[in-house]
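Naming: A, B, ... by sequence-line order, numbering from 1 per chain.
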2 protein chains.
Amino acid sequence: MVTVYSFNDDGELLQEEKDTINQLSKMPLDSLNLDAVSVVTNIYRVAQGLRNKMEREVLSKHGLSWTSFSILYDLWIWKSVETKKLAELTAVSKATISNITKTLEKKELVFRKTDTRDRRITFVTMTDKGKKVMEELYPQFHQGEVEIVSSLSVKEQKNVSELLRRVIKENQF
Amino acid sequence: MVTVYSFNDDGELLQEEKDTINQLSKMPLDSLNLDAVSVVTNIYRVAQGLRNKMEREVLSKHGLSWTSFSILYDLWIWKSVETKKLAELTAVSKATISNITKTLEKKELVFRKTDTRDRRITFVTMTDKGKKVMEELYPQFHQGEVEIVSSLSVKEQKNVSELLRRVIKENQF
DNA sequence: TCATAATCGTTAGCTATGAAACGATATTAC
DNA sequence: GTAATATCGTTTCATAGCTAACGATTATGA
């Protein structure tokens, strides 16, 4: 997870980048939308920082990746979920789900069980050990979320959320 | 790249999630900061959407991943870069840089050359083919960035950027 | 001088990720 | 009732990503 552009301390695109883009890409001069660049880069950078912080400060305690934690969270909420449904919930391929649940099973945090009526379907369920891990990690995870946005007032938080929600809706993300 | 929480159409955390969190995590009731959850999740979701959109609509034309493109971009701007410097610029491990530049070299988009004076150092340089690819892809990439935030006014874009810049600064992301 | 330490890139071994192929199972069509 | 089709999860093969170990090279220090 890597950002494309570089910025200086004032949040401005570096001059070298402006120069290269203007000179080498077949774009009309001044067609570069610096505000758009700034928005998407800052969003991406915060997302990356969020993920890194969590993996480093919280999830590493149990050797979990971001996606593993996300799947554990879903199982925590929904108790038992088909792998197909897990793939939809987390928006990763079923092959990835297959691999990750295999890893989680190795750690004894979840177990898989074939449906008795339709043997094509596999349910994934959290073990007691998995529940204990979530009960330990979730509060720390949430604490991390709070810390990250703590420099924004509640009003500003609501404001950012609202604007990003519009972006999500318009793009059907 | 996966989000943890689920929201309903109004941008609210699902009731099942609130219930589970309140009941099962050792957190005092009402200690869940829903605004913080909403901000970080929306940020993460936009970042994920951005990356997916680009990989699907732009980068796949040349079989490039987000990170490959990011490295190509850096080489486009800086012409020739040591692998060590590339690792710092993109904030991934030098092992990853080694693998990705190997792949890019296979595609004949870059080449590697050992420094003559200090043979421990390797410079990565973009080929003409690599330049052509960037000149083709970059305008499309930028177009994608503009599209994504097009539902926000310029004022709103500046606003979001400014607030996120504060988050980045405070967290040293 | 020449052994030790520091630096740099690659390799090894692991998980994550997706596309495509595959095998098992269930459903549909005729 | 059986052949064709659809569905589901896993496997395979590729890239991405990390840490740690390694090999080559350069710098240091006594």
Side-chain angles (χ1 to χ4, degrees), chain A residues 1-4 48 51-56 59-60 62-72 80-107 109-125, chain B residues 1-4 48 51-57 59-72 80-107 109-125:
Chain A
M1 200 167 164
V2 170
T3 52
V4 172
Q48 181 170 21
R51 179 172 176 152
N52 289 344
K53 176 189 170 81
M54 294 305 190
E55 290 188 335
R56 194 178 57 244
L59 308 183
S60 68
H62 291 278
L64 293 171
S65 67
W66 177 273
T67 307
S68 302
F69 179 77
S70 167
I71 288 175
L72 276 186
S80 193
V81 184
E82 309 100 289
T83 61
K84 178 182 161 62
K85 182 84 180 175
L86 268 184
E88 288 165 11
L89 277 173
T90 55
V92 299
S93 72
K94 49 189 188 159
T96 299
I97 294 293
S98 187
N99 283 323
I100 293 183
T101 52
K102 197 192 292 173
T103 302
L104 288 176
E105 204 167 33
K106 235 186 289 174
K107 291 183 196 287
L109 301 179
V110 310
F111 64 88
R112 286 181 285 190
K113 187 160 176 31
T114 305
D115 187 284
T116 47
R117 285 182 291 185
D118 186 341
R119 296 176 49 76
R120 292 171 304 180
I121 298 175
T122 299
F123 280 89
V124 185
T125 313
Chain B
M1 199 170 167
V2 169
T3 52
V4 172
Q48 181 170 20
R51 180 172 175 151
N52 290 344
K53 176 189 171 81
M54 294 304 190
E55 290 188 337
R56 193 177 58 243
E57 296 179 6
L59 307 183
S60 68
K61 289 172 189 169
H62 290 278
L64 293 171
S65 66
W66 178 272
T67 307
S68 302
F69 179 77
S70 168
I71 289 175
L72 276 186
S80 192
V81 185
E82 310 101 287
T83 60
K84 177 182 162 62
K85 182 85 181 172
L86 268 185
E88 287 167 12
L89 278 173
T90 55
V92 298
S93 73
K94 50 190 188 157
T96 299
I97 295 293
S98 187
N99 284 324
I100 294 183
T101 53
K102 197 193 292 174
T103 302
L104 287 175
E105 203 167 32
K106 234 188 289 173
K107 291 182 196 289
L109 301 179
V110 310
F111 65 88
R112 287 182 284 189
K113 186 160 174 27
T114 304
D115 187 285
T116 47
R117 285 182 290 185
D118 186 341
R119 296 175 49 75
R120 292 171 304 182
I121 298 175
T122 299
F123 279 89
V124 185
T125 312

Atom [atom1] of [X] to atom [atom2] of [N]: distance rounded to whole Å?
X      : N      : atom1 : atom2 : result
B:W66  : C:dG18 : CH2   : P     : 16 Å
A:F123 : D:dC8  : CZ    : P     : 11 Å
B:K94  : D:dA16 : NZ    : P     : 20 Å
A:N99  : D:dA14 : CG    : P     : 16 Å
A:I121 : C:dG23 : CD1   : C1'   : 17 Å
B:L64  : D:dA14 : CG    : P     : 18 Å
A:R51  : C:dT15 : CZ    : C1'   : 11 Å
B:I71  : D:dA16 : CD1   : C1'   : 10 Å

For B:S60 and B:R56, indicate whether the former's side chain and the latter's backbone hold a donor-acceptor pair under 3.5 Å.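 Flag set: sc B:S60 to bb B:R56 pair under 3.5 Å.
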Whether A:W66 side chain and A:E55 backbone form a donor-acceptor pair below 3.5 Å: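 No, because the side chain of A:W66 does not come within donor-acceptor range (under 3.5 Å) of the backbone of A:E55.
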Using OP1 and OP2 only, check whether a side-chain N or O of [X] sits under 4.0 Å from [N].
X      : N      : answer
B:T103 : D:dA16 : yes
A:S68  : C:dT15 : no
A:S65  : C:dT15 : no
B:K102 : C:dT11 : yes
B:T96  : D:dA16 : no
B:T122 : C:dC8  : no

Taking atom [atom1] of [X] as the centre, report whether more than 12 heavy atoms of other residues, nucleotides or ligands fall under 6.0 Å from it.
X      : atom1 : answer
A:R112 : CZ    : yes
B:K61  : NZ    : yes
B:K85  : NZ    : no

Can you tell if the side chain of A:I97 reaches within under 4.5 Å of the side chain of A:I71, non-hydrogen atoms only? yes
Gap separating the OG1 atom of A:T101 from the CZ atom of A:F123, nearest 0.5 angstrom: 14.0 Å
Spacing of CG belonging to A:L86 relative to CD belonging to A:E88, to within rounding of 0.5 Å: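 Here the rounded value is 9.5 Å.
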Looking for any heavy atom pair under 4.0 Å, which part of the strands does [X] touch: base, sugar-phosphate only, or nothing?
X      : value
B:I100 : sugar-phosphate
A:K106 : sugar-phosphate
B:R56  : nothing
B:S93  : base

Give the nucleotide from the list C:dG9, D:dT10, D:dG17 with an atom nearest to the side chain of A:S98. D:dT10
Reading nucleotides 23-29 of chain D from 5' to 3' and marking B where a protein heavy atom lies under 4.0 Å of the base, S where only the sugar-phosphate is that close, and - otherwise, the string is --BB---
